[in-house]
Amino acid sequence: EVDIFYHQLLEAFVRHFLALTVSLLLFFQAYSVFFEYLDIKITYQELELHSIFFWGITIVVIGSIVEGLLHLKLITSMRDVSNAISGIKRSPWAIFFRRSLLLIQLVISTVTTSLTAIVIQQNDHLMNLDYGFNAKNVLHVDKPAIQKEQYKKNISAFKQRLLSHKNIHSVSSSTASPGMFPLRYEIWLDESSQKMQRPHHLVGVDKDHFETFEIPIIKGRSFAQDHFEDTMAVVLTKKSVELLGFHSPSAAIGEEINIETFTSSPFKINGVAEDCYFNSIKRGIAPYVFMLYGKPDLYELPIGFDIRFKNGTDLAKAQEDVEKIFLDVFNDYSFISGWIEETMKAPLETEEIYQHMLISLSLLIIAIACSGVASLSSFFISLKARELAIRKTLGTSRRGIIRLLSLDFIYIAILSSIISVPLIQKISQSWMSRYPIKAELTFIHFAIGTLFVLLIIAGMLSINIYKIIIKDPSEELRSE
């Protein structure tokens with residue numbers, strides 16, 4: 001008995017150890033590809049490899065001992081091992097375990113499929129969202145790394161050279177372009193409301209800013225070059241108007257506000273612009289205050305230029321032309337530029353990666369579920385082979401055979417749907433709570449997982465049912 005036990009233990013240990021080795025190799029390969037794809041640098045030490053190896057070896061040893069003892073008991077009891085194991089597999093507990101395992105697979109398939117549909121819907125909603133301004137065909141050019149006075153002297157010359165280009169529609173300069181994160185300042189109306197200060201994003205712009213980005217002014221006006229009083233004027237967004245307590249955009253026109261740091265005199269509200277996703281789609285609508293740059297210190301000079309090209313322009317060629325003008329005006333300093341539309345969509349690149357990974361994971365889980373349904377249906381058919389042969393001999397219709405074999409799977413599918421729906425709802429709500437902008441979810445997003453599960457069951461089950469229907473029942477009865 002000791003020799004038999006050692007022999008079975010060694011055989012089981014080698015088999016399990018090989019399985020662990022292959023699993024770890026696949027894990028480390030997937031690890032390197034996964035984190036390299038996401039551009040995340042994590043060392044092997046941070047993965048706590050000692051814990052992974054400890055638990056892996058522990059599972060191998062325990063599994064080997066259990067399998068060795070099982071075979072030892074079967075062999076010493078003088079029972080045929082294959083028949084004994086077959087009997088164990090056909091026991092009620094084994095059948096219950098198989099059904100439970102398939103239920104878990106179907107629940108995971110339902111949840112991941114529905115969540116994939118929700119992620120795709122949310123990302124598609126964000127990608128096609130109206131920013132509140134026109135980001136297409138707008139090139140941002142960083143200011144040159146030159147002395148302050150030299151830069152200040154050449155700003156107007158650079159703009160004039162650009163506007164003389166046949167394909168350029170407009171040019172503006174500001175202290176923060178879309179996709180950037182401008183500084184925040186406390187703003188209040190008067191001394192009585194100073195304790196009710198509200199933080200706003202403050203952006204220094206020129207008179208062409210609203211034209212370049214096509215930001216609609218819903219009340220009042222923007223800035224004009226020939227209006228001297230505009231140097232102490234501001235344009236608010238609707239969100240800012242609401243935050244300051246005005247009941248409508250019209251009520252804010254002509255009123256004065258105080259801005260932290262710029263406390264020497266108040267600023268007059270010239271106009272109210274439409275809300276826009278100026279800094280990031282993922283951050284939602286924020287309150288903005290626009291003022292003409294030229295103030296001392298922070299808002300004296302712009303940090304870059306925004307250039308709108310006309311529709312139909314060869315953008316690559318036009319960008320090269322802008323670079324030549326830039327190098328000529330600013331005496332051959334480095335040229336750094338980027339398209340505003342790409343900048344706005346950059347935060348969504350990570351979401352797209354997650355989407356592709358979730359789709360791949362869903363396909364893998366669906367494949368595993370297909371395997372589980374096919375395996376369990378084949379097993380149930382083998383259990384009922386004699387009964388099915390007798391029923392076919394006695395004239396049972398194909399519909400009756402289909403009903404007999406599919407009833408168990410229908411119950412499992414219904415139960416998996418009941419379990420999956422609250423899980424999908426909880427996980428999706430938790431995930432979408434990260435976004436201030438949420439896509440509208442419909443019944444189909446929650447039902448698509450169940451539909452996929454039903455298709456899996458119908459497809460895998462129909463193959464095995466077809467095999468049993470075309471099989472001659474006399475062959476089964478003869479073998480019995």
Side-chain angles (χ1 to χ4, degrees), residues 129-148 150-182 201-217 222-225 230 235 237 273-274 276-281 288 290-294 299-347:
L129 189 69
D130 182 10
Y131 301 140
F133 63 91
N134 190 355
K136 293 182 178 179
N137 299 343
V138 179
L139 179 70
H140 174 78
V141 177
D142 286 352
K143 72 173 186 177
I146 59 179
Q147 292 183 358
K148 179 179 176 181
Q150 184 182 357
Y151 172 51
K152 184 177 181 180
K153 182 176 64 175
N154 290 326
I155 289 176
S156 297
F158 182 58
K159 286 185 178 180
Q160 292 301 321
R161 288 280 302 273
L162 290 174
L163 289 172
S164 65
H165 192 284
K166 62 179 181 179
N167 291 322
I168 292 179
H169 176 271
S170 57
V171 180
S172 68
S173 50
S174 64
T175 60
S177 294
M180 301 180 182
F181 300 95
H201 292 289
L202 188 61
V203 183
V205 301
D206 61 9
K207 66 180 184 64
D208 300 311
H209 182 80
F210 294 93
E211 178 188 357
T212 301
F213 288 102
E214 299 180 2
I215 302 174
I217 302 294
S222 59
F223 305 109
Q225 190 70 36
D230 282 359
V235 174
T237 59
E274 190 63 70
C276 55
Y277 299 96
F278 200 81
N279 52 11
S280 171
I281 298 174
Y288 271 82
F290 300 96
M291 61 188 293
L292 289 174
Y293 66 78
Y299 288 85
E300 183 175 359
L301 295 173
I303 64 167
F305 304 87
D306 298 299
I307 307 159
R308 171 171 293 285
F309 295 98
K310 297 176 181 177
N311 293 330
T313 301
D314 183 349
L315 297 180
K317 176 65 170 59
Q319 187 174 7
E320 292 177 0
D321 293 342
V322 171
E323 182 176 3
K324 291 177 182 178
I325 297 172
F326 180 90
L327 298 178
D328 183 46
V329 172
F330 294 111
N331 297 323
D332 204 20
Y333 281 84
S334 60
F335 176 79
I336 301 174
S337 64
W339 296 100
I340 293 295
E341 189 172 18
E342 295 177 359
T343 303
M344 292 299 295
K345 290 184 177 180

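Minimum interatomic distance between Val138 and Trp339 (heavy atoms only, all atoms of both residues): O-CE3, 3.3 Å. Across all their heavy atoms, Val141 and Ser337 have their closest contact at CG2-CB, 4.2 Å. The two residues His140 and Ser177 come nearest to each other via the heavy atoms ND1-OG, 3.0 Å. Nearest heavy atoms, Val203 versus Ala176: CG1-O, 3.6 Å.
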Handout entry: Residue pair Val235, Ile215: steps toward the side-chain contact (heavy atoms from CB on, under 4.5 Å) verdict
Key = CA-CA 11 Å; Val235 174; Ile215 302 174; over 6 Å; no
Exercise for the section: Start with the C-alpha gap between Ser172 and Phe213, add the side-chain angles, then the distance that decides, and say whether side-chain contact (heavy atoms from CB on, under 4.5 Å) holds. Expected result: CA-CA 9 Å; Ser172 68; Phe213 288 102; 4.2 Å; yes
Exercise for the section: Begin with the C-alpha distance, continue with both residues' side-chain angles, and end with the deciding distance and a verdict on side-chain contact (heavy atoms from CB on, under 4.5 Å) for Val322 and Leu162. Expected result: CA-CA 7 Å; Val322 171; Leu162 290 174; 4.1 Å; yes
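Under the ring pair (Phe, Tyr, Trp, His ring centres under 6.0 Å) criterion, Phe210 pairs with Phe290, not counting sequence neighbours. With sequence neighbours left out, Lys153 forms a side-chain contact (heavy atoms from CB on, under 4.5 Å) with no residue at all. Applying the side chain to side chain donor-acceptor pair (under 3.5 Å) test to Gln160 and every residue at least two apart in sequence or in another chain returns nothing.
Using a 3.5 Å distance cut-off with no hydrogens or angles, the side chains of Thr212 and Asp306 do not pair a donor with an acceptor.
Under the side-chain hydrogen bond (donor to acceptor under 3.5 Å, both in side chains) test applied with Asn137, the options Thr313, Asn167, Asn311 reduce to a single match, Asn311.
Checked by atom type and distance alone, the side chain of Lys310 pairs as donor or acceptor with a backbone atom of Lys166 at under 3.5 Å. Arg308 places no side-chain N or O within donor-acceptor distance of the main-chain N or O of Ser170, the cut-off being under 3.5 Å. Side chain of Tyr151 to main chain of Pro302: a donor-acceptor pair is present (N/O by atom type, distance under 3.5 Å, no hydrogens or angles). At distances below 3.5 Å, at least one donor-acceptor pair connects side-chain atoms of Asp206 with backbone N or O atoms of His209.
Between the CE atom in Met180 and the CD1 atom in Ile340 there is a gap of 6.5 Å [rounded to 0.5 Å]. One distance of note links CG of Asn134 with CD of Glu211; it measures 12.0 Å at 0.5 Å rounding. In this structure, CD in Glu320 is found 10.0 Å from CZ in Phe335, a value given to the nearest 0.5 Å. One distance of note links CD1 of Ile336 with CD of Glu323; it measures 11.0 Å at 0.5 Å rounding. To the nearest 0.5 Å, atoms CD1 (Ile303) and OH (Tyr293) are separated by 12.0 Å. Considering CE of Met291 and OG of Ser174, their distance stands at 13.0 Å, rounded to 0.5 Å.
With salt bridges taken as basic N to acidic carboxylate O contacts below 4.0 Å, one links Asp328 and Arg161.
Between Lys143 and Leu301 the shortest side-chain heavy-atom distance does not fall below 4.5 Å. Side chains of Tyr131 and Met344 form a contact here, defined as non-hydrogen atoms less than 4.5 Å apart.
Taking the six-membered ring for Trp and thresholds of 30 and 60 degrees, Phe305 and Phe330 have ring planes inclined between 30 and 60 degrees apart.
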